[in-house]
Visitor: 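Below you'll find the structure I mean.
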Amino acid sequence: MTDTGAPPVSSFLTGAIAGAIDALAAPPEAFAAGVSGGVDSAMLAVHAALFARVRGIAFHIFHVHHGLQGPATQWQAQVHDLAQALGVPCHSLRVRVDPASGKGVEAAARDVRYAAFDEMARLTGVRCILLAHHREDQAETVLLRLLRGAGPTGLAAMAAVSQRAGLTYVRPWLRVPRVRILAAARDYAAYAGWQPVWDPTNHDDRYTRAAVRERLVPILDARWPGWQNTLLRHARLSAQAREVLDEVARQDLAGLDQADGGASFSLAAWRRLSPARQALVLRCWLRGLGQNMPSEAR
């Protein structure tokens, strides 16, 4: 806890943020947190604000108004109120999610959310954004990827640090149990009279992730209490395997007599690779061109 009169914070959660930021190749001059207003992202904002103040780094809150729920405008106001209480600037952007995009509502909302983050980052000069995913989120992601037939690289799930559209996304709490976040939220609520946003879709099993959370997770918790740590270990091992495979793919691609700035390569050289390495190279090449990954059948 901090001194009397200051907001109560968890040194464990703040330490995880500090460790993640310090592990970056170059420390950011400014950073932001994506905040929906729910417990997890709000606590990320509270602890990141303290970290930024101690380090003398500029900190911003980014909020995306998806317009998918009736209370969304109220949630936006709650996030701005939290930012005001923390004394940090808050930026919000309203977006439109197309449910008929063919991607599904969850994927479509994710895509427009990243696009909104990109726009807010451009306006503020921020190049580093924190996200509040925690241990349970990561375990659910591995489970979802497994159920969808992801290969070894897909089971790496969410990366602690990733690059997207020139921005660095950092997930400092991927190994943090949610019980730690909930405890911090109770302390902060008692101190500040704050209430989190409650999004009913997080518990609506018509949505895939919510179905896993509401239907499968309670069974797994009851029968295999350590399942989340086991899946996190799978994610870490898969991430290591992905690094090796990516290195092999890049080396193979470099030997394929690329032309047109990498937009084409020699099919004759490609055919000399084994089928497994041909597939790796194709995925590496498509990823480098910013294209979506093809299905296994394709």
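Throughout, residue positions are numbered sequentially from 1 according to the sequence presented. All values derive from a computational prediction rather than experimental measurement.
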Visitor: Same cluster or not: are Met43 and Trp75 linked, directly or through other Ile, Leu, Val, Met, Phe, Trp or Tyr residues, by side-chain heavy atoms under 4.5 angstrom apart?
Guide: no
Visitor: Is the closest basic N to carboxylate O distance between Asp22 and Arg55 below 4.0 Å?
Guide: yes
Visitor: Are there more than 12 heavy atoms of other residues, nucleotides or ligands under 6.0 Å from atom CZ of Arg175?
Guide: no
Visitor: With salt bridge (charged side-chain N to carboxylate O under 4.0 Å, His left out) as the test, pick out the partner of Glu140 among Arg178, Arg213, Arg145.
Guide: Arg213
Visitor: Both conditions, 6.0 Å and 45 degrees, for the charged tip of Arg164 above the ring of Tyr169: are they met here?
Guide: no
Visitor: As an exercise, state the distance from CG of Leu220 to CD of Gln228, rounded to the nearest 0.5 Å.
Guide: 8.5 Å
Visitor: Measure the spacing between CG of Leu44 and CG of Leu131 and express it to the nearest 0.5 Å.
Guide: 8.0 Å
Visitor: For a quick check under 3.5 Å, do His63 and His91 share a side-chain donor-acceptor pair by atom type?
Guide: no
Visitor: What distance separates Leu267 CG from Arg271 CZ, expressed to the nearest 0.5 Å?
Guide: 5.0 Å
Visitor: Looking at Arg209, I'd like to know if its CZ atom is crowded, meaning that more than 12 non-hydrogen atoms belonging to other residues, nucleotides or ligands lie closer than 6.0 Å.
Guide: yes
Visitor: Closer than 3.5 angstrom, by distance alone: can the side chain of Thr230 be matched with the main-chain N or O of Gly226 as a donor-acceptor pair?
Guide: yes
Visitor: How long is the straight-line distance from CG of Asp187 back to CG of Leu182, given to the nearest 0.5 Å?
Guide: 11.0 Å
Visitor: Can you confirm whether Glu214 is buried at CD, in the sense that more than 12 heavy atoms of other residues, nucleotides or ligands lie under 6.0 Å from that atom?
Guide: yes
Visitor: Side chain to side chain donor-acceptor pair (under 3.5 Å) between His80 and Ser92: does it pass, once the steps are laid out?
Guide: CA-CA 8 Å; His80 279 270; Ser92 57; 3.0 Å; yes
Visitor: To the nearest 0.5 Å, what is the distance between SG on Cys284 and CG on Asp252?
Guide: 9.0 Å
Visitor: Hey, mind stepping through His65 and Gln76 against side chain to side chain donor-acceptor pair (under 3.5 Å) and telling me if it holds?
Guide: CA-CA 7 Å; His65 184 321; Gln76 181 185 43; 4.5 Å; no
Visitor: Can you tell me how far the NE2 atom of His134 sits from the CZ atom of Arg171, to the nearest 0.5 Å?
Guide: 12.5 Å
Visitor: Looking only at side chains, do Gln163 and Thr168 share a donor and an acceptor under 3.5 Å apart?
Guide: yes
Visitor: With a cut-off of under 6.0 Å to the ring centre and 45° to the axis, is Arg53 in cation-pi contact with Phe59?
Guide: no
Visitor: Considering non-hydrogen atoms only, spot the tightest contact between Cys128 and Pro28 and give its length.
Guide: CB-CB, 4.1 Å
Visitor: Donor-acceptor pair, His47 side chain versus Ile17 backbone, under 3.5 Å?
Guide: no
Visitor: For the residue pair His66 / Arg113, report whether a side-chain donor-acceptor contact shorter than 3.5 Å exists.
Guide: yes
Visitor: Please check if the number of heavy atoms outside Gln278 that lie under 6.0 Å from its CD is greater than 12.
Guide: yes
Visitor: For a quick test of reading the model, state the closest non-hydrogen atom pair linking Gly34 to Phe117 and the distance between them.
Guide: CA-CZ, 3.8 Å
Visitor: Let me know which of Val35, Thr124, Leu93 forms a side chain to side chain contact (heavy atoms under 4.5 Å, CB included) with Phe62.
Guide: Thr124
